[in-house]
Amino acid sequence: MTGRAMEAGREALLTVAGLKKNFGGVKALEKLDLTIASGELVGLIGPNGSGKTTAFNLLTGVFKPSGGRIVFRGQEVAGNRPEQNARLGMARTFQNIRLFRDLPVIDNVAVGLHMRHGAGFWPTVLRFPTAARSESKIRERALEVLEILDLRDRAGDLVANLPYGDQRKVEFARALATEPVLLLLDEPSAGMNPHETAELGATISRLHRELGLTIILVEHDMKMIMTHCQRIHVMHQGRILAEGSPMEIQRDPRVIEAYLGRRREGAHAVA
Ligand SMILES: Nc1ncnc2c1ncn2[C@@H]1O[C@H](COP(=O)(O)OP(=O)(O)O)[C@@H](O)[C@H]1O
Ligand SMILES: [Mg+2]
């Protein structure tokens, strides 16, 4: 464990070392090194194309790494399949919403519950039964997760009929339903208005606090990142460029250059 994570005196939940991913000639991840302590809410930012989504795809097992190590809860997981990592307690949301639009909200959340196997990780605050197998139990628990996100009233509505911000929350609920230890959020506020974004930031912060979740938040909304993350990693060209507190990151000349450099090229300035 390195840096702040070590200082905080907490156990490393996730250690990534020298992680690489090539797509043909494109080095999407050049060499990613990252340590996340148990219970952290960490921001992962960087200009478009810096490798954030690729990092999530490797962590969760969607893609196989071209090299390097991923140690999660003390186990090497590089090369695992997504369902293996889900079982170990990883859950994610996608940059583009991936829901069954023509199914009710509750069914979309139940998918997350069906995916989960083994013992629960969450504290007993939620009083989730450890071996809920029956459909009625699954629906009951899906409703509990929806309650946490203030979506219980929409449980029977088709996803397609929900406002965009609520659809994002359903994705979130589906990930939460797996009772994750580590939650990876890929630009959760994408497409949301400022009010919805602020509300989502507060929800993420609350879940982090109340459930003791470890969260890696990829987000281009700098206000959300700076308000809610204790520590921020900045990616640039498939590597970590800088790591620090929100204050340190905002002042770091390398970070400013990485973003401004992109702006000069005419690309989006922020993550
Ligand atoms: N499936 C893929 N096939 C080919 N190239 C990819 C693929 N996924 C990502 N890339 C490339 O890898 C680089 C990093 O992309 P990505 O991880 O999506 O960045 P970010 O999420 O930070 O915007 C980009 O150059 C992108 O074009
Ligand atoms: Mg991305």
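Numbering of residues begins at 1 and proceeds along the displayed sequence.
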With a 4.5 Å cut-off on side-chain heavy-atom distances among I, L, V, M, F, W and Y, is there a chain of contacts connecting L32 to V71?
no
Check whether any side-chain heavy atom of I138 sits under 4.5 Å from a side-chain heavy atom of V111, and report yes or no.
no
Heavy-atom side-chain proximity of L213 to V181 below 4.5 angstrom:
no
Which heavy-atom pair separates A175 from P180 by the least distance, and what is that distance?
O-CD, 3.5 Å
Cluster overlap L146 with L158, hydrophobic side-chain contacts below 4.5 Å:
no
Testing the 3.5 Å rule here: is there a donor-acceptor pair between the side chains of N57 and R92?
yes
Mark yes or no for whether K52, through its side chain, and G46, through its backbone, hold a donor-acceptor pair below 3.5 Å.
yes
To the nearest 0.5 Å, what is the distance between OH on Y164 and CG on N193?
11.5 Å
Could you see if V62 belongs to whatever hydrophobic cluster contains V77? Use Ile, Leu, Val, Met, Phe, Trp, Tyr and a side-chain cutoff under 4.5 Å.
yes
Of the non-hydrogen atoms in A258 and L241, which two are nearest, and what is the gap between them?
CB-CD2, 3.7 Å
Ion pair check, R254 and E257, cut-off under 4.0 Å:
no
Supply the atom-to-atom distance L41 CG to S205 OG, rounded to the nearest 0.5 angstrom.
6.0 Å
Locate the shortest heavy-atom distance separating G61 from N85; write the atom from each residue and the value.
N-ND2, 3.8 Å
Taking the side chain from E76 and the backbone from I70, do they hold a donor-acceptor pair closer than 3.5 Å?
yes
Checking salt bridge (Lys or Arg N to Asp or Glu O under 4.0 Å) for the pair R69/D33: CA distance, chi angles, key distance, verdict?
CA-CA 9 Å; R69 302 184 59 206; D33 298 295; over 6 Å; no
Sub-4.5 Å side-chain heavy-atom contact between L34 and T15
no
Taking all non-hydrogen atoms of both residues, which atom of A142 and which atom of A110 are closest, and how far apart?
CB-N, 4.4 Å
N48 and H220: CA distance, side-chain angles, deciding distance, side-chain contact (heavy atoms from CB on, under 4.5 Å) verdict:
CA-CA 9 Å; N48 279 334; H220 66 253; over 6 Å; no
When you check the side-chain N and O atoms of H236 and S50, is any donor under 3.5 Å from an acceptor?
no
Does K21 reach the main-chain N or O of K64 with its side chain, forming a donor-acceptor pair under 3.5 Å?
yes
Show the numbers, then the answer: is there a side-chain contact (heavy atoms from CB on, under 4.5 Å) between L99 and V105?
CA-CA 9 Å; L99 293 170; V105 166; over 6 Å; no
Donor-acceptor pair, distance only, cut-off 3.5 Å: does the side chain of Q167 make one with the backbone of V159?
yes
Look up atom CZ in R168 and atom CG in L185, then write down how far apart they are to the nearest 0.5 Å.
10.0 Å
Indicate the atoms forming the closest heavy-atom contact of P246 with C229, along with that distance.
CG-O, 3.3 Å
Could you check if a side-chain atom of F172 sits within less than 4.5 angstrom of a side-chain atom of L151, using non-hydrogen atoms only?
no
E11 and R73: salt bridge (Lys or Arg N to Asp or Glu O under 4.0 Å), yes or no, with the steps?
CA-CA 9 Å; E11 209 181 307; R73 306 179 81 206; over 6 Å; no
Answer yes or no: is there a donor N or O on one side and an acceptor on the other, between the side chain of E171 and the main chain of R98, under 3.5 Å?
yes
Could you give the distance from CD1 (I106) to CD (E140), rounded to the nearest 0.5 Å?
10.0 Å
Counting only heavy atoms not in K20, do more than 12 sit closer than 6.0 Å to its NZ atom?
yes
Rounded to the nearest 0.5 Å, what's the gap from CD on E30 to OG on S66? Could you check?
11.0 Å
When you check the side-chain N and O atoms of S189 and D221, is any donor under 3.5 Å from an acceptor?
no
Taking the side chain as every heavy atom from C-beta outward, state whether T197 and M224 have any atom pair closer than 4.5 Å.
yes
Between K169 and E199 (salt bridge meaning N to carboxylate O under 4.0 Å), is one present in this structure?
yes
Tell me, do L217 and V42 make a side-chain contact under 4.5 Å, heavy atoms counted?
no
Donor-acceptor pair, Q84 side chain versus N80 backbone, under 3.5 Å?
no
Would you say R174's side chain and T93's backbone share a donor-acceptor pair under 3.5 angstrom?
no
Is there a donor-acceptor contact under 3.5 Å from the side chain of E40 to the main chain of A37?
yes
When you compare the side chain of H233 with that of I36, does any pair of heavy atoms fall below 4.5 Å?
yes
Do the non-hydrogen side-chain atoms of I148 and E210 ever get within less than 4.5 Å of each other?
no
Would I232 and I45 satisfy side-chain contact (heavy atoms from CB on, under 4.5 Å), going step by step from the backbone distance to the final call?
CA-CA 7 Å; I232 298 166; I45 65 171; 3.9 Å; yes
Does L59 belong to the same Ile/Leu/Val/Met/Phe/Trp/Tyr cluster as F63, with side-chain heavy atoms less than 4.5 Å apart forming each link?
yes
Working note: E248 + R231, criterion salt bridge (Lys or Arg N to Asp or Glu O under 4.0 Å); need CA distance, chi angles, decisive distance, verdict.
CA-CA 9 Å; E248 287 165 338; R231 207 160 60 96; over 6 Å; no
Centroid-to-centroid, F56 to F94, below 6.0 Å?
no
Starting from the C-alpha separation in whole Å, work towards a yes-or-no answer on side-chain contact (heavy atoms from CB on, under 4.5 Å) for L162 and R154.
CA-CA 8 Å; L162 257 54; R154 313 298 307 254; 3.8 Å; yes
Scanning both residues in full, the closest heavy-atom pair of D102 with A160 reads OD1-CB, 4.5 Å
Nearest 0.5 Å please: distance from the CG atom of L29 over to the CD atom of Q237.
12.5 Å
Applying salt bridge (Lys or Arg N to Asp or Glu O under 4.0 Å) to E144 and R141, what does each step give before you reach the verdict?
CA-CA 5 Å; E144 286 181 340; R141 289 171 55 183; 5.6 Å; no
